[in-house]
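Lettering of chains follows the sequences in order, A, B, ..., and the numbering in each one begins at 1. These numbers come from a predicted model, not from an experiment.
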Amino acid sequence: MNTLTETASHDTEHHHGPAKGIKRWIFTTNHKDIGTLYLWFAFIMFLVGGAMAMVIRAELFQPGLQIVEPHFFNQMTTVHGLIMVFGAVMPAFTGMANWMIPMMIGAPDMALPRMNNLSFWILPFAFLILLASLFVEGGGPAFGWTFYAPLSTTYSGDSTALFVFAVHIMGISSIMGAINVIVTIWNMRAPGMTWMKMPLFVWTWFITAYLLIAVMPVLAGAVTMVLTDKYFGTSFFNAAGGGDPVMFQHIFWFFGHPEVYIMILPAFGIISTIVPTFSRKPLFGYPSMVYATASIAFLSFIVWAHHMFTTGMPVFAELFFMYCTMLISVPTGVKVFNWVATMWRGALSFEVPMLFSIAFIVLFTLGGFSGLMLAITPVDFQYHDTYFVVAHFHYVLVTGAIFSLIAATYYWLPKWTGVMYDIGLAKLHFWCSLISVNVLFFPMHFVGLAGMPRRIPDYSIQFANWNQLISLGGFAFGLSQLIFLALVIKACRKQGEPVPAKVWDGAHGLEWEVASPAPYHTFTTPPEIK
Amino acid sequence: MVKKSPIILALVSLLHYSEVFANEAFVRSNINLRTGVTDISQQVYDLHMTIFYICVVIGIIVFGAMFYAIIFHRKSKGAKAANFHESIKVEIAWTIIPVIILVVMAIPATKTLIAMEDPSESDLTILVTGSQWKWHYKYLEHDIEFYSLLSTPKEQIGGQWIKGDNYLLDVDKQLVIPTNKKVRFLVTSDDVIHSWWVPDFAVKKDANPGFINEAWTKVNEEGIYRGQCAELCGKDHGFMPVVVEAVSPDDFDAWLANKKAEKAAAQAEEKRLLAMNMSKDELMSEGESVYMGYCAACHQQNGMGLPGVFPALVGSPITTGDVKAHIDIVLHGKKGTAMQAFAKQLTLKQVAAVVTYERNAWGINSGELIQPKDVHQLLQE
Ligand code: HEM
Ligand SMILES: [Cu+2]
């Protein structure tokens, strides 16, 4: 191709809209298209992982073995966890980042659009492989999402190889996504968009992206060692060959604890965006929010062994990890206090994004409280590996991360589609979710304290009543999400009132200065930032 | 719309209940940690309640402020937004105060933790070994050891029978320990990681293959205490309970003597069996009960295994080929797989019976009978 035709084709391409048909989605390098792909993918995975949770709750509806075999039950808990973490929450946040970061910093697109396309399109293959592993002889991975060795090495089935491959692909995808976020934020901010003017969603994602780059390779290392231990005769985690199974846990949780913050920092960003909008007041303590995020990110690297208090560490190590874990609740608390102070003496209104944000603040804080309780090592010996822990991480992840994602969707969906969604349905979704999620997860504290271990397909009869209630809450929560599905489909079909550029009267930020729906290309010339 | 606060209500009622439970000295609460039967478990319970109350108080303050704003600072009531967005004083205060609270909390927690991790000067040492899916107990000073298996009948799990009171929390042979003595546990595993947990003692320790962990307890009250394996250890993780009976030191000595006598009798019986042949019926009925107790969890009741996970015995080269190889794999297991060594777990008679069973059940009927002396001979080689 010579220079002449290249310029010519470039010219014709300059103001193009999206390509037609399926090719638009396969070859797209547009941040909005890729954001949409990520979000739909995450939502589908949320439903798939949710279906597995329904199987788990159906089996646990009554004591005794009714519906599934214990081996299959373990596959369900394992794959449910993997899909929700790597398939639903993480891609959904990446989708949000793709859609919103360029618009929030006044950039025309992500810095590395082709890599963006690649990082999305390898994901469906990772999850096809993971799901396919359920059908190999011997069943899918059944060792928990934490895949502790040697259960995942010597004692696992051959689906382990597929599991390892799938996790590698997910890791590569996350790393590419993170690089893209970092490069975009470093290089593509509009003139005048200084660091301390960046919206908090951008800040939290910026820090999250560094966490991702730091720990995804550690996860890749862990799965690779599992693979070589299982198939190539190494003994990383095998005492008989000079290894140590507890070392696996150190490696896993060195990834795992920052990982839980990877799933919550962007949520903090979202809540810090929505609460000021509907309080009609600037965010309280913006700088301290940034510093709190950074300190949480730092501390998240030195608390990992709080997941391992019962493995038999030396006392001084237990003390160190107890103190650090207690400490991490301080910046987390600062965040919550700042949100409340933002609402204090505001002019509050309670549109659906705000409802979910308020629910987030209360329920996430509840998860923080149980986290603080878990930090107290001597008591953690009682809580560890019971339903109390299950309650803790579902409060921070479902009513935390996932509620923030739902809030973000209700906040920005009109910007994406150009129409206001069905507010009646949205409120129905909120109240159904709020009630059912608490019926589902709150009693888990009780059964956990009363002594019910996690990851068991059957339990002693003293836990029967609570488990029945929990299962009912579970089914109701699962069904409630179908309301959300219907609502989003309606909005995507443009059924609803058209909205203006600035959808919410109290909103601030560059994304509200472009038309609704956001044009295919935005900020091809950088906006001015006052 | 106002968001009601079901959470606060729930917290308050939880608080209320736990107080009722504490006052009436209920040990087994349905919704709260138990106080347990050791000084340590009592301290742990107190720490638990302290941190819980701290959370409740912080929760009331923070959510109280938030709901106050929600109710009184709403736009629909004509509230005008203020414009403040920082206050160094307030921000320092709500950083420092939590730190102080945490330090206050950390002091008793540290004390208890250090006490829990000090197993020195114990009166009795028991080696606890987990394996898929049972516990093995060995009294190191007394040369007594035995396996402890779930004894809840399969029919209760499958729903054909009514579930008993201690459903899934019953074992064939429970661990017996003396009260008011410091008992040290050495915890390890033969295969994957398990976790030995007795809530009433506030003892939970992982059983790591190839490593030995220490824990200890000193039980104040006689009684039977039940717990479960707490670390996912494969298919039957939910089916390996821990049952400990604490008896007075005198009763414990009597129990020890009894166990020793039992052991001597069993050895004599073993000798007697070596000299004689057992009938097919005897071997098959004993073999069936051993098979169901020890083998069926993996190889399944019909001997067909779980494809891809546990191999079938029906038609396998081991059960149809050389008898010696068959006995050998039962005695010594197969390295690098879930097939464990049963030499320690089963008597000569039991091994002979189960091998006979596996070569004659499920319509195979090879007619081969294996006698205890055959097993004995192989063990000598
Ligand atoms: C105040 C902050 C927090 C503290 C002090 C805290 C503390 C803890 C502790 C000590 C455990 C281990 C419990 C055990 O296994 O015995 C734990 C488990 C867990 N936490 Fe947190 N946590 C906090 C916030 C969060 C957040 C924000 C998330 C995620 C969004 C999170 C997700 C999890 C998960 C997923 C587990 C369980 C992992 C597993 O074993 O499968 N936590 N937390
Ligand atoms: Cu953690």
Comparing A/W466, A/F72, A/F309, A/Y286 against chain B, the one with the most heavy-atom pairs below 4.5 Å turns out to be A/W466
Where does the angle between the aromatic ring planes of B/H73 and A/W344 fall among parallel (under 30°), tilted (30 to 60°) and perpendicular (over 60°)? perpendicular
Test item: A/Q382 and B/K204 side chains (from C-beta on) under 4.5 Å apart, heavy atoms: no
Is there a side-chain contact between A/Y155 and B/C233 in this structure, where contact means two heavy atoms from C-beta onward sitting under 4.5 Å apart? no
If you measure from CD on B/E86 to CE on A/M289, what distance do you get to the nearest 0.5 Å? 13.0 Å
Tell me, out of B/T112, B/T110, B/L169, B/I40, who's got the most heavy-atom pairs with chain A below 4.5 Å. B/T110
Compute whether any side-chain donor of one residue and acceptor of the other, for A/T310 and B/D206, lie under 3.5 angstrom apart. yes
A cation-pi test, strictly: NZ or CZ of B/K75 under 6.0 Å from the centre of the six-membered ring of A/F350 and no more than 45 degrees from its axis. Yes or no? no
4.5 Å side-chain heavy-atom contact, B/N30 and A/F446: no
Please classify the contact of B/T95 with chain A as side chain, backbone, both or neither, using a heavy-atom distance under 4.5 Å. both
Greatest number of heavy atom pairs closer than 4.5 Å to chain B - which of A/V246, A/N238, A/T311: A/T311
Selection from A/V315, A/V379, A/V334 maximising heavy-atom pairs under 4.5 Å formed with chain B: A/V379
Measure the CZ-CG distance between A/F316 and B/L113 for me, rounded to the nearest 0.5 Å. 12.5 Å
State, to 0.1 Å, how close B/R34 and A/A450 come at their nearest heavy-atom pair, and which atoms those are. NH2-O, 2.9 Å
Highest number of heavy-atom pairs under 4.5 Å with chain B among A/P331, A/S349, A/P63 belongs to A/P63
Let's test your reading of the structure: which of B/I54, B/D236, B/V44 forms the most heavy-atom pairs below 4.5 Å with chain A? B/V44
Using the side chain to side chain contact (heavy atoms under 4.5 Å, CB included) rule, take B/Q228 and A/T386 through it: C-alpha gap first, then chi angles, then the decisive distance, then the call. CA-CA 10 Å; B/Q228 281 174 276; A/T386 68; over 6 Å; no
Name the option with the most non-hydrogen atom pairs under 4.5 Å to chain A; the candidates are B/S189, B/G227, B/G159, B/S87. B/S87
A/A347 backbone acceptor or donor facing B/R74 side chain under 3.5 Å: no
4.5 Å side-chain heavy-atom contact, B/V192 and A/Y148: no
Closest approach of B/C55 and A/M373, non-hydrogen atoms and distance? SG-CG, 4.3 Å
Taking all non-hydrogen atoms of both residues, which atom of A/P245 and which atom of B/F211 are closest, and how far apart? CD-CE1, 3.7 Å
A/S329 side, atom OG; B/L102 side, atom CG - distance, nearest 0.5 Å: 4.5 Å
For the residue pair B/S195 and A/D385, establish whether any side-chain heavy-atom pair is separated by less than 4.5 Å. no
For the candidates B/I193, B/L47, B/D191, B/I114, which exhibits the highest count of non-hydrogen atom pairs separated by less than 4.5 Å from chain A? B/D191
Which atom of B/A65 lies closest to which atom of A/V340, heavy atoms considered: CB-CG1, 4.0 Å
Max heavy-atom pair count under 4.5 Å with chain B, selected residue of A/I376, A/T342, A/D158: A/I376
Are B/F63 and A/W339 an aromatic pair, judged by ring center distance below 6.0 Å? no
If you draw the axis of the six-membered ring of A/F381, does the NZ or CZ of B/K205 fall within 45° of it and under 6.0 Å from the ring centre? yes
B/E91 vs A/F284, test: side chain to side chain contact (heavy atoms under 4.5 Å, CB included). Steps then yes/no. CA-CA 10 Å; B/E91 286 173 69; A/F284 186 88; 3.8 Å; yes
For B/N166 and A/Q462: C-alpha separation, side-chain torsions, deciding distance, then whether side chain to side chain contact (heavy atoms under 4.5 Å, CB included) applies. CA-CA 9 Å; B/N166 289 315; A/Q462 50 171 323; over 6 Å; no
Should A/L449 and B/F52 count as side-chain neighbours, where that means a heavy-atom distance under 4.5 Å? no
Which heavy atom of A/G346 sits nearest a heavy atom of B/A79, and at what distance? O-CB, 3.7 Å
Provide the closest heavy-atom pair for A/L151 versus B/Q132 in the form atom of the first, atom of the second, distance. CD1-NE2, 4.1 Å
Pairs of heavy atoms under 4.5 Å with chain A: top-ranked of B/F239, B/F310, B/Y167, B/F72: B/Y167
Largest heavy-atom contact set with chain B, pairs under 4.5 Å, which of A/D244, A/T154, A/T146: A/D244
State, with a plain yes or no, whether a side-chain heavy atom of A/I461 is found less than 4.5 Å away from one of B/L168. no
Could you check if a side-chain atom of B/P209 sits within less than 4.5 angstrom of a side-chain atom of A/P150, using non-hydrogen atoms only? yes
Closest-packed option against chain A by number of heavy-atom pairs under 4.5 Å, given B/I101, B/V309, B/I88: B/V309
